[in-house]
Chemist: 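What follows is a structure written as structure tokens; I'll ask about it next.
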Amino acid sequence: MPRHKLIASESDVSIEVDEGKDNEFSLYYVEVEENSKGGQDKQATRDGKRRRERNGEVSRRRASEKRSTEMGNKRAEKKHEKHHKTTRKEGEKHRKRPRRSADEQEAENESSKEKKNIKNERTKTIKLEDEQEKDVKKKRKKHVKNEEDDANPGKTKQKDCQEVALKEKKKKRKKPETTSESESQSESNSESESKDNPAVGVLGSLTPEELEKLKEAVDERKKLITTLKGKPWPMKKKLVILRESQEFVEKYEGALGKGKGRKLYAYKVLMMKKWMKFQRDLENFKTACIPWEMKIKEIESHFGSSVASYFIFLRWMYGINMILFGLTFGLVMVPEALMGKPYGSMPRKTVPRVEEASAMNFAVLWDFGGYAKYSVLFYGYYNNQRAIGWLKFRMPLSYFLVGVGTVAYSYMVVIRTMARNANEEGGGDDTSFNFSWKTFTSWDYLIGNPETADNKFASITTSFKEAIVEEQESRKDDNIHLTRFLRVLANFLVLCCLAGSGYLIYFVVRRSQKFALEGLENYGWWERNEVNMVMSLLGMFCPMLFDVISTLENYHPRIALQWQLGRIFALFLGNLYTFIIALMDAIQLKRAEEEIVKKNMTIWQANLYNGTVPDNSTALPITVHPADVPRGPCWETMVGQEFVRLIISDTMTTYITLLIGDFFRAVLVRFLNNCWCWDLEYGFPSYSEFDVSGNVLGLIFNQGMIWMGAFYAPCLPALNLLRLHVSMYLQCWAVMCCNVPQERVFKASGSSNFYMAMLLVILFLSTLPAIYTIVSIPPSFDCGPFSGKNRMFDVIQETLETDFPAWIGKVFSYASNPGLVLSFLLLLVLAIYYLQSTSKTYKRVNMELKKKLQTQNEENKKKNKLAALKAANELEQAKKAGEQRRNSASDLGVNEESSSIDEAGHRRQPGQNGRFIHPSQSHHTQNSEPPVSSTHTTTRPPASRGHTASGHLPGHPQKNAHSNRR
Amino acid sequence: MDYTNDPDVKVPLALIVNMPELKENPFRNRIVESFSEDGQGNLSFNDFVDMFSVLSEMAPRELKAIYAFKIYDFNVDNYICKEDLEKTLNKLTKEELTPEEVNLVCEKAIEEADLDGDSKLSFADFENMISRAPDFLSTFHIRI
């Protein structure tokens, strides 16, 4: 900081000059004082700063004039006035100090209007000047030196003291300069000029105060170096400043003993860069790990987010099934296959003699009979041995717990996902800048691949279309009564449809039961498959009907989709429950059969022993081949088989309809179009649209089947996984090659939770029958892990009794005491109630806060608009005034022109300019920016000193120039 | 080209625009133009460095906002007016929106972001809007 030092050392010499300049400052303050009385207008601080800057110039100019003419005069007057003013000063000082900056700004705004008055009352001005000068000086002193702060106000009476104060002021002024220098190139240029002075030699002789300042300057420079990157300057300028600052820091940092941090800094920067790169790679890796992300993105870009939402849902489902598969495969199927008794060792693990011939036929295997039935895929294969293998794996317990665990896990995941979705919907849905964000931030500047770019163009277009649809929906206001009537009508029609189909199903099921009782052999193909056929036909045509009906309602497509989903859901539920009822009937039949087999079994055993080796208990039991042993029907395996068949047929139907309905249709339309009498592509068949609702429901019901059947057929999750995997690829391909985007592309933001809600309902409905069968129907006597037990859940009790110490069993028996259970239930209910009510309150508070924020935003907007209007008006007025002034003071043409160019120009008064202007200083007026020469140390208005604490100069040239350019 | 003897070489727009990082960018011409000193897209080395320093990940949001404003200000009048928005939109969507749709989007965008009611976006409006945009920082950068 050589210049500072120079000035500091010179300050004694330059007192005279300073004093002259001080007058100028005081003049400035006079204006302030005068104007602050009348001025109440508020303006942006930016403008204020500029004006202050300019004000400084004006006063500087004036002062230089005055210096020659009035100085002696003034000083004499000053002395006279002092005695009168001291008391008044005190009061003013207290009042003014805290409000200094505000007063200044107000004053400046008004100054142009008031200037003439000031000019007229010249003597008065001078008096005030003196008072003001002293006031300022005193303040300076207080800032700088504590001793002087303590000193009495009488000090100002003495001239020498004033000079001391000036010196102090001189030093003090350097502080603001350092901050400004660091930010403006011009100043740092001037800085570099004076930098040549050897500093190190002088350093030793510096006072601690100056050292402090030097340190500050160095810190400032350092800060500048780090923040230089963020400055909107051209590179050339940045380089110059950087070089200068680095030189400066290097020069003085050593002297101040601060150079050690440099290596550390370099190291930090290096590590920072490494860390950034690592984070970026990690992010890339993460996105690369999400399966099918690119496929889905591609679909989303062409078909919009609603179609993509189906595929995202499919992917999510795949994840869930992966976990379910892992559980059943790892904890049930593999242990049994590896450690359990091998195939053929027991009756339940062997194909019966009657079926042996056809057990390997493909038709039988396809139907999951034969060898497939007697394998780990189904419940019946598992043995009821408590612990298997060298690991002593508790097979029945594991089977039971996995069955319960899959359902519990599914509940947990679905509910957690729902909660998360709800959170996201509640939180980050700020649409206040929807369109402008879409316009300005949707292009990803990273894209460098032509294909990706094409996708991005498509997706941006789609998203704009979505947004436009939303916007138009919100603008639309039709005849509300008509719409209401139509909606009610539509719902009535749909209800009729549902009731009709429900009755039809009921009727058909009753009929089929009658047929079953009479024996199916007497009836033809239709009677045997009546239920299935009716179901499929209903499932095919009812959705179409609903679709037609929903056009009546005139909903937004997203809401229409939800209605459609809900209706088809209701229809499918009927389907599902008919199936379950039929299954229950079948279970009852099987159990009746089982009773008969049990009786025959004892007879068969008796025959076996009594007939061949009578009364010989010591002899080895006769080894009958397990295939020959009579066995029960094993209803659990039957249930599992039914579900597996259902899944298989469902999958096949999906794939075949996909091929025929989408692919062949597309092929026909595409190639027959050339030789057809009407336009197939835009006419009747056209290409198909992707049916989001149907596909989502298919997926959901499919999952419901999995949950219901997984307990009796551990292979179901694996099958489903396979199915989902194939359908992911197949459907992605089908969508991209055979479908056309919907006419009205819409955003699917809210639907994912709707899917989840349906999934939850299905999960609940599918666990009900499973739980019912587990709890209330005794397991088969000769197959499955629970054979021989009264109920399936007895396995828990057994484990508690045999594998755990006795006291745990006791604890459990106490815990299952109805009194405890009831009170626990009560507690649960209370907790749920409490949590629900608190969450409701939170929600309400949240909504209120949101509303408040919104209204505040709107108010701000309005206020800003008003302020802008006002400012525009003022600008107009100022321009007019400026023109008038120009006319009246045409003799000062050059100076006036420059002053009225910008909005702040009206700050200047023609009269004063005319009176005080000095030829040597007039070049300042040509320049709307503050002077950039090295003389600026003395030209800064004293007002800036009040702001030094904030480290932010009011008249900051760079910032002003920048903000005005905008 | 003798770079050592004549360091003030300027690379014309046509060359810069074809570099892989910019080739697919619909605003490539504007980017290069707004970073060039002459406004015509001829970049000196300093301008070039400048461009990628602003578009790097490390650049602060304010800086990016300033240059983003320059880029989207097609007619260089220091305001983003309706014509600028229309151009932006047509570049973004490859002119696949109908004129009415473009009009609607432009009107909505101005209505949303315009704070001072002059039916064009000044830098203050733009900055206010862009400072809240969730993915401005993640999309407005180029890796080289």
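Chain letters run A, B, ... following the sequence lines, proteins first, then strands; residues in each count from 1. Atoms considered below: every heavy atom in the structure, side chains included; atoms not considered: hydrogens, waters and symmetry mates.
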Chemist: Could you measure the distance from the OG1 atom of A/Thr441 to the CZ atom of B/Arg132? Nearest 0.5 Å is fine.
Modeler: 14.0 Å
Chemist: Under a 4.5 Å heavy-atom cutoff, which of B/Thr88, B/Leu121, B/Leu104, B/Ile71 has the most pairs with chain A?
Modeler: B/Leu104
Chemist: So which part of B/Ile80 gets closer than 4.5 Å to some heavy atom of chain A, the side chain, the backbone, both or neither?
Modeler: side chain
Chemist: Check whether B/Glu101 reaches the backbone of A/Lys465 with its side chain - one donor and one acceptor, N or O, closer than 3.5 Å.
Modeler: no
Chemist: Heavy-atom distances under 4.5 Å only: say whether B/Glu62 touches chain A with side chain, backbone, both or neither.
Modeler: neither
Chemist: Side chain, backbone, both or neither: which part of A/Leu866 has an atom under 4.5 Å from a heavy atom of chain B?
Modeler: neither
Chemist: Just to verify, what does A/Met272 make a side-chain contact (heavy atoms from CB on, under 4.5 Å) with, not counting sequence neighbours?
Modeler: none
Chemist: Given that the side chain runs from C-beta out, which part of B/Leu22 has a heavy atom under 4.5 Å from chain A: side chain, backbone, both or neither?
Modeler: neither
Chemist: Go through the steps for B/Glu107 and A/Phe435 under the test side chain to side chain contact (heavy atoms under 4.5 Å, CB included), then give the verdict.
Modeler: CA-CA 9 Å; B/Glu107 271 170 17; A/Phe435 280 96; over 6 Å; no
Chemist: Are A/Lys238 and B/Asp50 packed together at the side-chain level, in the sense that at least one heavy-atom pair is separated by less than 4.5 angstrom?
Modeler: yes
Chemist: Need one label for B/Asp114: side chain, backbone, both or neither, based on atoms under 4.5 Å from any heavy atom in chain A.
Modeler: backbone
Chemist: Give, for atom OG1 of A/Thr439 and atom NZ of B/Lys108, the distance between the pair rounded to the nearest 0.5 Å.
Modeler: 12.0 Å
Chemist: Check whether any side-chain heavy atom of B/His141 lies under 4.5 Å from a side-chain heavy atom of A/Tyr445, and answer yes or no.
Modeler: no
Chemist: Tell me the ring pair (Phe, Tyr, Trp, His ring centres under 6.0 Å) pairs involving residues 13-36 of chain B, sequence neighbours left out?
Modeler: B/Phe27-B/Tyr72, B/Phe35-B/Tyr67
Chemist: Hey, which of A/Met276, A/Lys863, A/Arg280 has the most heavy atom pairs under 4.5 Å with chain B?
Modeler: A/Arg280
Chemist: Please state whether the side chain, the backbone, both or neither of B/Lys64 comes within less than 4.5 Å of a heavy atom of chain A.
Modeler: neither
Chemist: Indicate yes or no for a side-chain donor-acceptor contact from A/Trp443 to the backbone of B/Thr139 under 3.5 Å, with no hydrogens or angles considered.
Modeler: no
Chemist: With only heavy atoms counted, which part of B/Leu92 is less than 4.5 Å from chain A, the side chain, the backbone, both or neither?
Modeler: both
Chemist: Quick one: are A/Asn434 and B/Glu112 in side-chain contact, heavy atoms under 4.5 Å?
Modeler: yes
Chemist: Go through B/Cys106, B/Ala113, B/Ala133 and name the one with the most non-hydrogen pairs under 4.5 angstrom from chain A.
Modeler: B/Ala133
Chemist: Select one option (side chain, backbone, both, neither) describing which atoms of B/Ile110 are under 4.5 Å from chain A's heavy atoms.
Modeler: neither
Chemist: Counting distance only, does the side-chain N/O of B/Glu24 pair as donor-acceptor with the main-chain N or O of A/Ala453 below 3.5 Å?
Modeler: no
Chemist: Crowded around B/Lys82 NZ? As in, over 12 foreign heavy atoms under 6.0 Å?
Modeler: yes
Chemist: Chain B heavy atoms under 4.5 Å from A/Phe440: which part of the residue, side chain, backbone, both or neither?
Modeler: both
